[in-house]
Amino acid sequence: MAIIVALVVLVFGLATASSPTCNEVYKKSDLSSNFNETIAHAIHSMTVQGLRQFNPRASAANKIPTVNRNLNSQLKVLPYAPDTPMGNDYVTLAMNTIDNILANVGSEEDGLGRNWSPIERVVHTMHMWDLWQKILPVYHQLEKNPPTEDVCSCLLGTSNNGILNAVEWIAHHYESGTPITLLNRPIPKLVDAVSWSVWKSRLLYYYKEPALRDAAIFLLCSTKDM
């Protein structure tokens with residue numbers, strides 16, 4: 001019996017030694033200290049169509065938490081990025097995107113709620129598509145030297161690392177305002193050049209290298225096995 005106990009202790013000790021905690025994994029990775037915030041911003045309104053920029057095989061069978069487009073639902077965050085097809089009445093993606101946004105103003109399932117003006121809705125959506133394009137080259141660079149399984153396992157546990165909480169924060173703040181960042185600073189209504197200068201500086205916060213890398217690592221972990 002003593003030998004069996006000793007073997008169990010030895011095996012458990014070896015498993016513990018070879019399985020670093022997620023905090024240890026994060027410290028050794030290239031993630032920023034506020035990766036939960038930067039990743040949540042990048043993914044909170046992700047769609048299957050957006051994911052297909054990173055992996056053409058993407059479908060609604062994904063595990064990327066997003067703000068529920070139906071803000072009246074009790075479920076504020078979906079456990080996946082939804083499939084939201086756009087029309088093709090226009091030639092460019094930009095114009096079809098604008099058409100999709102404006103055609104859904106006033107809908108209970110437009111993803112933003114009642115506080116956003118039409119121009120603010122357009123800016124938000126175009127910013128997200130623009131940001132995903134900015135993340136894409138970093139994503140492709142990471143494919144040459146992908147994150148470890150430990151990093152991916154820890155990052156995809158969004159309920160334990162703050163990413164899910166940050167997406168939930170966005171969803172709840174949509175009910176009272178226009179949180180274009182997670183910086184928790186007052187955002188003016190977008191009505192003129194002065195207010196746009198504030199919006200622009202806040203949005204560009206997420207175009208810095210650490211934020212782009214955080215998002216690219218998460219998206220690579222999320223899409224590599226699709």
Side-chain angles (χ1 to χ4, degrees), residues 37-54 58 60 62 64-78 80-136 163 166-207 211-212 215 219:
E37 173 198 323
T38 55
I39 292 172
H41 177 83
I43 67 171
H44 75 276
S45 59
M46 182 61 76
T47 63
V48 170
Q49 287 66 33
L51 279 179
R52 285 178 180 156
Q53 298 174 96
F54 302 92
N62 62 76
I64 297 178
T66 59
V67 173
N68 190 342
R69 294 177 66 83
N70 181 3
L71 295 180
N72 290 326
S73 171
Q74 293 297 311
L75 181 64
K76 297 303 180 186
V77 175
L78 299 176
Y80 61 92
D83 190 358
T84 58
M86 284 187 225
N88 58 2
D89 292 334
Y90 295 96
V91 176
T92 64
L93 173 63
M95 196 61 201
N96 281 311
T97 301
I98 292 171
D99 177 41
N100 185 63
I101 297 164
L102 297 182
N104 285 286
V105 171
S107 164
E108 293 184 353
E109 298 191 18
D110 77 333
L112 290 173
R114 66 187 64 182
N115 297 300
W116 300 70
S117 70
I119 188 62
E120 290 169 343
R121 295 169 191 274
V122 170
V123 168
H124 173 270
T125 303
M126 300 303 286
H127 156 64
M128 295 314 305
W129 277 93
D130 190 67
L131 180 62
W132 297 334
Q133 282 291 303
K134 187 72 173 178
I135 293 168
L136 193 56
I163 294 174
V167 175
E168 288 176 341
W169 184 95
I170 297 171
H172 286 293
H173 278 70
Y174 276 174
E175 295 177 352
S176 59
T178 55
I180 57 171
T181 75
L182 281 80
L183 302 178
N184 207 18
R185 299 174 184 170
I187 304 294
K189 294 300 291 180
L190 183 52
V191 295
D192 54 24
V194 174
S195 53
W196 170 242
S197 68
V198 177
W199 277 60
K200 182 176 180 178
S201 65
R202 301 285 174 81
L203 294 175
L204 287 174
Y205 171 83
Y206 294 102
Y207 287 68
L212 297 174
L219 287 168

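Heads up: numbering here begins at 1 and tracks the sequence.
Inter-residue side-chain proximity for R121 and L102 is flagged as unmet; no heavy-atom pair is nearer than 4.5 Å. A heavy-atom distance below 4.5 Å is not found between the side chains of V48 and T84. Annotation: side chain of L203 is in contact with side chain of V123 (closest heavy-atom distance under 4.5 Å). Residues L51 and L219 are in side-chain contact: their nearest non-hydrogen atoms beyond the backbone lie under 4.5 Å apart. Contact annotation: the side chain of V198 never approaches that of L190 to less than 4.5 Å [non-hydrogen atoms, C-beta and beyond]. Within the 4.5 Å cutoff, side-chain heavy atoms of P65 are placed close to those of I43. When side chains are defined from C-beta on, I101 does not count as touching W116, because their heavy atoms never get closer than 4.5 Å. In this structure the side chain of E120 never reaches within 4.5 angstrom of the side chain of L112, judged on heavy atoms.
Judged by distance alone, with hydrogens and angles left aside, the side-chain atoms of D89 form no donor-acceptor pair with the main-chain N or O of N96 at under 3.5 Å. Of the possible polar contacts, one joining the N68 side chain to the L75 backbone as a donor-acceptor pair under 3.5 Å is found. Checked by atom type and distance alone, the side chain of Q133 never pairs as donor or acceptor with a backbone atom of D130 at under 3.5 Å.
The OG atom of S45 sits 9.0 Å away from atom CG of L131, with the distance rounded to the nearest 0.5 Å. One finds the OG1 atom of T66 at 7.5 Å from the OH atom of Y80 (value rounded to the nearest 0.5 Å). Rounding to the nearest 0.5 angstrom, the gap separating the CG atom in L71 from the CD atom in E175 is 7.0 Å. In this structure, CD1 on I135 lies 9.0 Å from CD on Q53, to the nearest 0.5 angstrom. Annotation: the span from T178 atom OG1 to N115 atom CG amounts to 7.5 Å, rounded to 0.5 Å.
Qualifying side chain to side chain donor-acceptor pair (under 3.5 Å) partners for R69, counting only residues two or more places apart in sequence or in other chains: none. Here H44 pairs with H124, Y174 under the side chain to side chain donor-acceptor pair (under 3.5 Å) rule; sequence neighbours left out. Under the rule for a side chain to side chain donor-acceptor pair (under 3.5 Å), N88 has no partner lying at least two apart in sequence or in another chain. With sequence neighbours excluded, no residue forms a side-chain contact (heavy atoms from CB on, under 4.5 Å) with S201. For D99, the side chain to side chain donor-acceptor pair (under 3.5 Å) test picks out no residue, with sequence neighbours left out.
Within 6.0 Å of the CZ atom in R52, the count of heavy atoms belonging to other residues, nucleotides or ligands exceeds 12. Around the OH atom of Y207, the shell of radius 6.0 Å holds more than 12 heavy atoms that belong to other residues, nucleotides or ligands. Within 6.0 Å of NZ on K76 lie more than 12 heavy atoms contributed by other residues, nucleotides or ligands.
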Check your understanding: E168 and V67: side chain to side chain contact (heavy atoms under 4.5 Å, CB included), yes or no, with the steps?
Key -> CA-CA 7 Å; E168 288 176 341; V67 173; over 6 Å; no

Exercise for review: List the steps and the verdict of side chain to side chain contact (heavy atoms under 4.5 Å, CB included) for V77 and I170.
Suggested key: CA-CA 9 Å; V77 175; I170 297 171; over 6 Å; no

Practice item. Start with the C-alpha gap between N62 and M46, add the side-chain angles, then the distance that decides, and say whether side chain to side chain contact (heavy atoms under 4.5 Å, CB included) holds. Key: CA-CA 11 Å; N62 62 76; M46 182 61 76; over 6 Å; no

Exercise for review: Begin from the C-alpha positions of E37 and Y206 and carry the test side chain to side chain contact (heavy atoms under 4.5 Å, CB included) through to its verdict.
Suggested key: CA-CA 10 Å; E37 173 198 323; Y206 294 102; 3.2 Å; yes

Exercise for review: Please test W129 against W132 for ring-ring contact (aromatic ring centres under 6.0 Å, His included), starting from the C-alpha separation and ending with a verdict.
Suggested key: CA-CA 5 Å; W129 277 93; W132 297 334; 5.3 Å; yes

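Residues T38 and A211 share a closest heavy-atom pair of CG2-CB, 3.7 Å. Across all their heavy atoms, M128 and H41 have their closest contact at CE-O, 3.2 Å. In terms of heavy-atom proximity, P82 sits nearest to Q49 at O-OE1, 4.2 Å.
Listed by first and then second residue, the salt bridge (charged side-chain N to carboxylate O under 4.0 Å, His left out) pairs involving residues 197-206 amount to none (not counting sequence neighbours).
With no hydrogens or angles considered, no side-chain donor-acceptor pair links T97 and N100 at under 3.5 Å.
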